Amino acid sequence: MAGHSKWHNIQRRKNAQDAKRGKIFMRHAKLIYSAAKQGGGDPDMNPALRLAIDKAKTDNMPNDNIDRAIKKATGTLDGASYEEITYEGYGPGGVAVIVQVLTDNKNRTAAEIRHAFNKNNGNLGENGCVSFMFDRKGYIIILNENGKIDEDEMTLEAIEAGADDIAVQDGAFEIFTSPDSFEAVCAYLREAGYSLADEEITLIPQTYSSIDEDNEGKMMNLIDMLEESEDVQDVFHNMEISS
């Protein structure tokens, strides 16, 4: 995992979304809806919902929007019904790609996803065609932009917390955990006084694919097109980003 910063991808995505607040709120609403639908509307009893709400508040999503999404999911407010779908395929240069969506119209979404792949020399595959190349992991970011956090001390703290691995890149500590220990590691680090810049259960590539400059440009365009869709919740890939 070390040497391939997921934080670089997160920064790129967040910068690109700064002018798209409406779409960001819609994505958060869908994630909150999905978490509440599966685990109930009480964030104290539903860690996934609590995390979704925290992420929404980080992007300044209004509390009314958050409450409305929870009420839709718990049946106390009429609204659309959403379905979670995962698409798998290959991008330009054979890059493995996984696209997670939450949609109320799967025919519309499927057409958008297929168009993005086709336009950028990629192709959709069958379920399972690339997912075996990724591991489900807890992922935590702690920023160290001013250099005040000691690397050795942070590494020991992460290990003590129960982390599986830690990488130091781009002015940040990237901490990886098992999904089962994710909540406990987050709580431990907060209690130790660290501020978590990002935290999620995510997919991490087992290996990375290096491609030429032309295909890298097409791959970045594919990612941008996919993320333009308000139905797309996340895009995972194993392309090695050039520095």
Side-chain angles (χ1 to χ4, degrees), residues 1-28 30-31 55 59 83-103 105-137 139 141 167 169-172 174 176 198 200-243:
M1 284 178 281
H4 303 280
S5 177
K6 178 177 169 62
W7 181 239
H8 176 86
N9 289 337
I10 291 174
Q11 289 173 308
R12 183 198 63 81
R13 183 173 72 234
K14 287 186 175 180
N15 289 339
Q17 289 181 340
D18 279 347
K20 305 171 186 174
R21 308 307 289 175
K23 284 188 177 180
I24 293 174
F25 290 166
M26 178 62 74
R27 289 182 181 181
H28 282 310
K30 289 179 180 178
L31 283 174
K55 284 180 172 292
D59 281 330
E83 181 178 0
E84 291 183 278
I85 305 173
T86 299
Y87 296 92
E88 300 181 33
Y90 294 92
V95 173
V97 182
I98 297 176
V99 185
Q100 293 181 344
V101 307
L102 193 59
T103 180
N105 186 332
K106 61 182 180 181
N107 291 331
R108 177 198 67 218
T109 304
E112 290 179 356
I113 301 299
R114 189 172 300 279
H115 173 69
F117 272 86
N118 290 343
K119 189 169 182 179
N120 293 285
N121 291 353
N123 60 281
L124 283 174
E126 299 294 328
N127 284 347
C129 69
V130 301
S131 57
F132 67 93
M133 302 180 190
F134 296 78
D135 293 321
R136 191 166 177 265
K137 291 280 187 180
Y139 176 75
I141 277 287
Q169 297 188 72
D170 300 333
E174 297 182 294
F176 302 88
D198 199 57
E200 61 181 341
I201 302 291
T202 188
L203 297 177
I204 303 293
Q206 297 170 0
T207 59
Y208 287 77
S209 178
S210 179
I211 56 179
D212 60 37
E213 186 175 344
D214 181 57
N215 278 323
E216 182 174 331
K218 292 176 182 176
M219 183 63 199
M220 296 303 291
N221 191 56
L222 170 59
I223 295 170
D224 287 340
M225 286 187 67
L226 291 170
E227 291 181 345
E228 279 289 322
S229 171
E230 67 179 31
D231 296 330
V232 172
Q233 296 298 308
D234 219 332
V235 180
F236 306 99
H237 62 83
N238 70 341
M239 178 178 69
E240 184 170 7
I241 305 291
S242 60
S243 57

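Quantities reported herein were computed from a predicted structural model and do not represent experimental measurements. Index from 1, following the sequence.
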J.: Less than 4.5 Å apart, any side-chain heavy atom of F132 and any of Q206?
T.: no

J.: Are V97 and V235 close enough that some pair of their side-chain heavy atoms sits under 4.5 Å apart?
T.: yes

J.: When you compare the side chain of I201 with that of R136, does any pair of heavy atoms fall below 4.5 Å?
T.: yes

J.: Please report the shortest heavy-atom distance between A116 and L226, naming the atom on each side.
T.: CB-CD2, 3.8 Å

J.: Looking at CD1 of I113 and OH of Y87, how far apart are the two atoms once the value is rounded to the nearest 0.5 Å?
T.: 6.5 Å

J.: Which residue pairs satisfy the salt bridge (Lys or Arg N to Asp or Glu O under 4.0 Å) criterion with at least one member in residues 107-125, sequence neighbours excluded?
T.: D104-R108, R108-D231

J.: Tell me the closest heavy-atom pair linking F25 and D59, and the distance in Å.
T.: CE2-O, 3.3 Å

J.: Sequence neighbours left out, what passes side-chain contact (heavy atoms from CB on, under 4.5 Å) with S131? Give chain and number order.
T.: E88, I98

J.: Under a 4.5 Å cut-off applied to non-hydrogen side-chain atoms, are K55 and D198 in contact?
T.: yes

J.: State, yes or no, whether a side-chain contact exists between T109 and I85 at a heavy-atom distance under 4.5 Å.
T.: no

J.: Going from OG1 on T202 to NZ on K137, what distance comes out if it is rounded to the nearest 0.5 angstrom?
T.: 12.0 Å

J.: How long is the straight-line distance from CE of M219 back to NE2 of H237, given to the nearest 0.5 Å?
T.: 5.0 Å

J.: Does anything in residues 204-215 pair up under salt bridge (Lys or Arg N to Asp or Glu O under 4.0 Å), and if so which pairs, sequence neighbours excluded?
T.: D214-K218

J.: Rounded at 0.5 Å granularity, tell me how far CG in L222 sits from OH in Y90.
T.: 14.5 Å

J.: Distance check, rounded to the nearest 0.5 Å: Q169 atom CD versus E174 atom CD?
T.: 5.5 Å

J.: Answer whether the closest heavy-atom distance between the side chains of N221 and M225 falls below 4.5 Å.
T.: yes

